[in-house]
Amino acid sequence: MTTPSRERLSPGEPSADRDVWRPRGTVVALTAWAMAALGLALVVNVFTGAVSGLLTGGGVLLLGAGLKLKHLSWPTPEQAALLLILGSVLVPFSLFPPLGRGLSADDVGVVLGAAIAAVLLWRHRGAIRVPVFAWPLALLTLWAAIIWLTGDRTLGALLRGPGRLGLYLVLVVAGALWFRRASLARFAMYTIVVVASVEALFAVFSYFAPFQILDRFIGIETIRAYDPIYTLAPGRAVGTLGLASNFLGAYMLIPAALILGFGTIALHRREVVAWSALYVLVFWALALTYTRASLIAVVVGAAGYFVWTRRTRMLPAFALALVSVLLFTPFLSRFSLGNDRARLTSQAIEVIREHPVAGVGAGEYTPEGTSSTVEENQSGGPDRSITPHNSFLLYASELGIPGGLLALLAVALPFLGALGRSPRGSFDSPAILAAALAGGLGSFALQTLSNNLLHIPVVTVQFWIAATVGVMVSLHADGSLARRMAAPIRLR
């Protein structure tokens, strides 16, 4: 009998340990799809009926995914931490007043989950190891702390800089220890998919109902008059995030990639059909944000996955999702809209030139002469944020060139670790899942070049957990790159 730390994901059944939370992919996919059909096809524009359908389907989804009626048990501390962190995205925090110092209601679950992780690390402090792929993140945290100590030593600056990065580091170091157990790695992957499924359903429902809470970024956000799709769509999906639609698009990238992996390793045709249906749902939720960077990123990530693994079982689902979006939504019209990324990039470069070593400090990016309205292709354009809409440039502006380079390495190394092996090698179940995660991580990194994704904790925690899972699952698959990136951690 193998020990828990030597668990392997078998080629046909990704959840072989009967003593852990064991969601079934078929049930997750089919119940999610049924919920969407009930909430959309039957009761579109009937608010109470649609909500009833969503709640009923949501209950079925949670029962089918997570509850064992014969053996109900409390989650382990590790599972509780993951549920709090990954589930925090479902909290409509914009409905609540801010907590102050840059904190809001959506941060509560993340902070509590990270606190549990920190306590568990302290209790097992003798086993703590910082893997190679986490070194840039650790150095970035240290660099941010040094800048804070020598600069603006306020609580707000502490939370925005070393505090936020330190939270990510705790999650990565804890995950590197936890995900040596295949059961916890499976738990994290399934939780990412289940939470994203619920979020996707609400987003799709909100678009077609249509439903929104004005000025709170819940449901859909209003399309601005200059946008080509202003008269063609009811709004842009934002779900429960309370943030701009581009963040919801980014949030769906990693779950979409994971679904491709789970569909690829499914044993039965009905499971493949179920995962395909779920993929279409998540893809549509991403597309209804009308975020060009998200659509480009998910296409690039999926193409990379198919080429790298040479597995095309889920290719029809990808093709159906993409073609249906292009045919039945006005998405292509958005590509006629210009943007001011070049100006924002030039602006950031000027800030970096003026503060090349230590930057301007976390949350202090305020270039001169940028507070006026910026026209985008025509008069009456949007008020753009003055940030560069690129997390790497923003880190370089806030924490100097060293900070920008460390942020880039912090994202690149987990991607390489998850990729794990040459495409000429064989691909068993964990290798396929790791490649899927690598595709999701690469997609997220690609959109980060166009948005400040790494500066939004409720979105970024999913990335860091997925990054850690990707490296460790690749380690389960004996990937050579994973062994280097995970060192000194080994599967004993």
Side-chain angles (χ1 to χ4, degrees), residues 130-147 160-162 164-169 171-173 176 246-247 250 253-254 257 293-294 296-297 300-301 304 341-342 344-363 365 387-420 437-457 459-468 470-471 474 481-482 484-486:
V130 180
V132 168
F133 75 87
W135 288 1
L137 181 59
L139 291 173
L140 181 61
T141 305
L142 178 61
W143 181 244
I146 292 172
I147 291 175
R160 292 190 301 267
R164 179 190 296 160
L165 292 168
L167 183 147
Y168 300 154
L169 183 61
L171 299 183
V172 170
V173 173
N246 55 320
F247 294 108
L253 292 171
I254 291 173
S294 295
I296 293 171
V300 170
R341 294 298 193 269
L344 295 176
T345 298
S346 175
Q347 192 172 268
I349 291 173
E350 288 301 316
V351 173
I352 294 169
R353 286 175 177 171
E354 293 177 6
H355 308 274
V357 179
V360 296
Y365 182 85
T387 60
H389 282 61
N390 179 320
S391 273
F392 304 116
L393 281 178
L394 187 53
Y395 270 123
S397 302
E398 293 180 336
L399 303 177
I401 294 176
L405 292 176
L406 288 171
L408 184 62
L409 286 173
V411 170
L413 293 191
F415 167 76
L416 293 175
L419 208 56
L437 281 165
L441 298 175
S443 298
F444 193 95
L446 181 60
Q447 185 170 341
T448 298
L449 297 175
S450 183
N451 296 119
N452 302 322
L453 302 182
L454 297 178
H455 286 71
I456 309 297
V459 175
T460 307
V461 288
Q462 182 209 65
F463 171 84
W464 291 116
I465 290 175
T468 310
V471 175
S474 185
L481 279 173
R484 296 190 183 99
M485 292 296 104

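Just so it is clear, the structure is predicted and the values come from calculations on it, not from any experiment.
- Residues Leu171 and Leu167 meet the side-chain proximity criterion, which asks for heavy atoms closer than 4.5 Å.
- Summarising the geometry of Leu393 relative to Thr345, their closest heavy-atom pair is CD1-CG2, 3.7 Å, with the distance given to 0.1 Å.
- Taking 4.5 Å as the limit, every side-chain heavy atom of Phe133 sits out of range of all side-chain heavy atoms of Leu416.
- Separation of atoms CH2 (Trp464) and OH (Tyr168) is listed at 8.5 Å; rounding is to 0.5 Å.
- Evaluation of the side chain to side chain donor-acceptor pair (under 3.5 Å) rule for Asn451 yields Gln447 as partners, not counting sequence neighbours.
- Residues that satisfy the side chain to side chain contact (heavy atoms under 4.5 Å, CB included) test with Ser443, not counting sequence neighbours, are Leu253, Ala297.
- Annotation: side chain to side chain contact (heavy atoms under 4.5 Å, CB included) contacts of Ala466 (sequence neighbours excluded): Ile192, Ile254, Leu437, Leu441.
- Atom OG1 of Thr460 is separated from atom CG of Asn452 by 10.0 Å, given to the nearest 0.5 angstrom.
- In this structure the side chain of Trp135 reaches within 4.5 angstrom of the side chain of Val132, judged on heavy atoms.
- To the nearest 0.5 Å, atoms OG (Ser450) and CG (Asn246) are separated by 8.0 Å.
- Every residue was checked against the side chain to side chain contact (heavy atoms under 4.5 Å, CB included) condition with Ala257, not counting sequence neighbours, and none meets it.
- With sequence neighbours left out, the side chain to side chain donor-acceptor pair (under 3.5 Å) criterion links Glu398 to His455.
- Taking Val173 as the reference, Leu121, Ile128, Val130, Leu169 meet the side chain to side chain contact (heavy atoms under 4.5 Å, CB included) condition, with sequence neighbours excluded.
- Legend: residues meeting ring pair (Phe, Tyr, Trp, His ring centres under 6.0 Å) with Phe247, ordered by chain and number and at least two apart, are absent.
- Put simply, CG on Leu453 and NE2 on His389 are 10.5 Å apart, with the number rounded to the nearest 0.5 Å.
- Atom CZ of residue Arg164 and atom CG of residue Leu454 lie 10.0 Å apart, to the nearest 0.5 angstrom.
- Using a 4.5 Å heavy-atom threshold, the side chains of Phe392 and Val411 count as touching.
- No side-chain donor-acceptor contact under 3.5 Å links Ser391 to the backbone of Thr448.
- To the nearest 0.5 angstrom, Leu408 atom CG is 9.0 Å from Leu413 atom CG.
- When all heavy atoms of Leu165 and Tyr395 are compared, the pair lying nearest together is CD2-OH, 3.4 Å.
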Below 3.5 Å, can you tabulate the donor-acceptor pairs from side chains in residues 139-147 to any protein atom, sequence neighbours excluded?
{"from": "Thr141", "atom 1": "OG1", "to": "Leu137", "atom 2": "O", "distance (Å)": "2.8"}
{"from": "Trp143", "atom 1": "NE1", "to": "Leu399", "atom 2": "O", "distance (Å)": "2.7"}

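- Heavy-atom minimum distance, Pro131 versus Ala176: CG-CB, 3.9 Å.
- Residues passing the salt bridge (Lys or Arg N to Asp or Glu O under 4.0 Å) test with Glu354, sequence neighbours excluded: none.
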